[in-house]
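Computed from a predicted structure; not experimentally measured.
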Amino acid sequence: MKKSNQIVPYQEICAALKITKSAVEKRAKKEAWPYTEHTVSGGKKRFFAISDLPADIQRAVRLHVLEQAARAPLPAVEMEPVFSETERQRRVAEARKSVIQRIAQLQSSGGSVREVCGALLGMARLGTLDEAAVRSLQLCRDPRGQCSADGLPSLRSLQRLVEMEAHGKVLAPRVRQKNLSVPAWGADFLRHWQRPEKPGVSQAYRSFLAEAGCLPASYPIPSEHMVRRFLKKVGTVALNAGRFGERDLKSLRSFVRRDSGDLRPGDVYTMDGHCFDAEIRHPAHGRPFRPEITGVVDVATRKLVGWSVSLSESGLAVLDSLRTAALRNGIPAVLYVDRGSGYVNALIKDEGIGLLGRLGTEISHSLPYNSQARGVIERSHQTIWVAAAREIPGFVGAGMDRQARQAMFRVTRAAIKAGTVARLPLMDFDDFVCYLTGKVAEYNARPHRGLPKLSDPATGKIRHESPDEAWARHVAEGWAPEVVKNDHIVPLFRPMTKCAIRRCEITLHNKRYFSPDLEEFHGETLPVAFDIHDPQRVWVYDHDGRFILTAELDANKVPYMPMSFIEQAREKRAAAREKRLVSHLAEIREERNAGVIEQPERIVLPGLSIPREALAAEVARLSLPAGDAPVSTSAPRDTLPLEGNFTAPSPPATLPGRERGVEMGLENWAPPQGETMGDAEARFAEWLRISETPEEELPNQRARIWISSYPRSSEYRMLARQHKTSAV
């Protein structure tokens, strides 16, 4: 063993042996310990060389010195970074490096590697070593060996670490590596797994077994568990290739994140349409429908600068939302949209008649099926429109419970079928527009995580800017929007199209517009502007964009015949038709009464002629019991309760006429002399005569009922039209 020539004072020997100084001096004098004297502050002191001391005292002193050195903090030593494959390898390598440096530091105080390692382990087990050193010793242990209760390595393990460091070996432990090689059956199985039908593992495995049974055995057939372990080793993109299309695989692959920090307001507008996720009342017929919303967002500030609500997606809806954005917040330099039909049309893109050409705005289209590139506008749909739809009745979005959505659908469709849509708790169109206006204002005033942070002036907390604050910041820095001048507003935002001129006529939207000043332009195709809200006229321009004239709707249309002549012919045709109907009605009534036998007015017997009514009255009188008054069927005219200018008519001439009067409520009334109740003209004439009589002057209640009910009969309406025609 290598002896150390380190010298120690009396105090170290006393602390190591745990005895007093006098006891040490007495034993040193008795055993004649060699010593040397050194001048220190306060005089001279004796120092003893450890190697000159007795063996038992040497062991005690060395152990004490090691313990003191272990408790002392290690000097700051810059450790080289340890590169390893896993986090555990890195931590273990760093812990082993730390322990080796501590052992080397203790060796400088004297003692062999074995003694120093033993001292470290002993202090760790006694609890006299600091916690960090104990944790490093525990990480040094090789988990493949026997595990002690305290988790510390063995003495031989520490010695082996020192030897590995001396020979330049890697201190990081080895880690078992996965077998990432593709088995012989892997490609065959993936053919059954990577299908767009997305079969499960069991289904794909059964299909694989069926195919493998029909082919020569070139490899051992794996079990289903082997297949599942193989799939866990395959990467996500490679595993789903074939199960997902190229569009769906984009959500798994890498992407480019665009930075809008260098943009200013108005540099780029992005817009897109969204079918609202709730039903409201249609402005025309009131039935439930889902409106189409087109929004325009400024990319630099995330502000919703324009929007419109339409009944369906169309180029006019795009035109209206772009018009709103340009008028309220400025003309954009670039319009970034998809390739939908609402943006790829002459109203938007044509250099001569398109709105963007007149505004001086460039249009840029994203790649097909690449909605991720327009994430700014796509995200605004969820933040504004979908969130707004969840707060009103009639929500039918994807996030709603399926059973509740089906119940709502049945209620609305049943109401449509029954004609009771007015009772549905749906929002009216005008209220819906006001509601969305408030939601847009809330969005523009709410902090947006895509914008820089600032200190809230009210609370002092750090938060993101709102779109309105970002817009105001750019304005404060000197930016100003490119606005449309007032004299250009009206013609600029009229949609334009090219139409052919044919004999001073322009055909547009199935309507004809005419101006005699277009004669010299026959056969040419000129730009024509129109107003989507006023179809009465169009505006014609030349090829250079100069205004020519205004053409009016159907300006060359005149009536085929004068209207007075046509109206006279219509009235004549109606009168002839009424006359034919009256004749037909009279014929029907004659056929109905053909089987009725006319009763004679008088009963003629040999030598006697008696009126039928008198005979009936006498029979009735004789058949009554004694004391009862006879009932007269014909009262004298002067006994009728009539007042005013009402003349009591004579009794009916025939029995059928009498019965007809009773049916009409005139029990004691008969038509004028020479007429019968069967004559429709007589009834109409009598109604005209007595219709002006006050109600209280009518003979009885049934007469009053007939006066009020007769005008509702078809007979009255027919005769009234005939009477009116003859009067004209």
Side-chain angles (χ1 to χ4, degrees), residues 257-274 293-308 315 317-338 340 342-344 347-351 354-366 373-381 383-385 436-437 440-454 464-495:
R257 191 178 295 276
R258 294 181 174 180
D259 183 17
S260 60
D262 296 335
L263 296 178
R264 296 176 69 84
D267 286 348
V268 181
Y269 282 178
T270 178
M271 64 188 305
D272 192 20
H274 172 74
I293 301 177
T294 305
V296 185
V297 174
D298 176 66
V299 176
T301 62
R302 303 301 197 272
K303 181 178 181 179
L304 189 72
V305 293
W307 60 280
S308 67
V318 173
L319 189 69
D320 185 57
S321 59
L322 186 57
R323 175 189 64 83
T324 304
L327 290 179
R328 295 180 180 178
N329 297 283
I331 301 174
V334 178
L335 182 65
Y336 188 47
V337 295
D338 58 19
Y343 310 104
V344 185
L347 290 176
I348 300 295
K349 297 186 63 175
D350 192 278
E351 294 183 0
L355 176 61
L356 297 181
R358 288 179 283 163
L359 290 175
T361 300
E362 294 290 336
I363 187 169
S364 177
H365 296 282
S366 61
R374 294 175 291 103
V376 173
I377 189 66
E378 293 289 344
R379 179 58 192 174
S380 69
H381 295 335
T383 306
I384 307 174
W385 314 127
L436 288 189
T437 302
V440 170
E442 290 180 9
Y443 164 77
N444 288 333
R446 189 167 57 241
H448 196 291
R449 64 180 181 181
L451 298 174
K453 292 185 177 181
L454 53 74
H464 291 279
E465 285 182 330
S466 67
D468 286 339
E469 291 172 338
W471 189 279
R473 172 170 55 83
H474 284 281
V475 172
E477 293 174 355
W479 173 84
E482 182 71 22
V483 298
V484 183
K485 296 181 180 179
N486 291 333
D487 54 345
H488 294 161
I489 290 177
V490 174
L492 181 62
F493 292 103
R494 286 185 186 135

### Message
Is it the case that the side chains of R323 and S308 hold a donor-acceptor pair, with the cut-off being a distance below 3.5 Å and no angle test?
### Response
no

### Task
Only counting residues at least two apart or in another chain, list the ones meeting salt bridge (charged side-chain N to carboxylate O under 4.0 Å, His left out) with E362.
none

### Message
Quick one, R302 with S260, criterion side chain to side chain donor-acceptor pair (under 3.5 Å). Give me CA distance, side-chain angles, the key distance, then yes/no.
### Response
CA-CA 10 Å; R302 303 301 197 272; S260 60; 3.2 Å; yes

### Task
Taking all heavy atoms of D298 and all of R264, pick out the closest pair and write down the distance.
OD1-O, 4.4 Å

### Message
Against D272, only a single residue in D338, V376, V296 fulfils side chain to side chain contact (heavy atoms under 4.5 Å, CB included); can you say which?
### Response
D338

### Flag side-chain contact, heavy atom, 4.5 Å: L304 against N444
yes

Output side-chain donor-acceptor pairs under 3.5 Å for residues 327-337, partner residues at least two apart or in another chain, one line each.
from: N329; atom 1: ND2; to: V305; atom 2: O; distance (Å): 2.7
from: Y336; atom 1: OH; to: R258; atom 2: NH1; distance (Å): 3.4

### Query
Does the side chain of W471 come within less than 4.5 Å of E465's, by heavy atoms?
no

### Query
What's the shortest heavy-atom distance between K303 and P467, and which atoms?
CA-CB, 3.6 Å

### Task
State, to 0.1 Å, how close A325 and Y269 come at their nearest heavy-atom pair, and which atoms those are.
CB-CE1, 4.2 Å

### Task
For E482, check salt bridge (charged side-chain N to carboxylate O under 4.0 Å, His left out) against everything at least two apart and list the hits.
none

### Task
Please name the pair of heavy atoms, one in H464 and one in H448, separated by the smallest distance, quoted to 0.1 Å.
CB-O, 3.0 Å

### Message
I need the S466 OG to L454 CG distance, nearest 0.5 Å.
### Response
8.0 Å

### Query
In Å and rounded to the nearest 0.5 Å, what is the CD to CD1 distance from E442 to I384?
10.5 Å

### Query
Would you find a donor on one side and an acceptor on the other, under 3.5 Å apart, between the side chain of S380 and the backbone of I377?
yes

### Task
Take the angle between the ring planes of W307 and W385 and call it parallel below 30°, perpendicular above 60°, tilted in between.
tilted

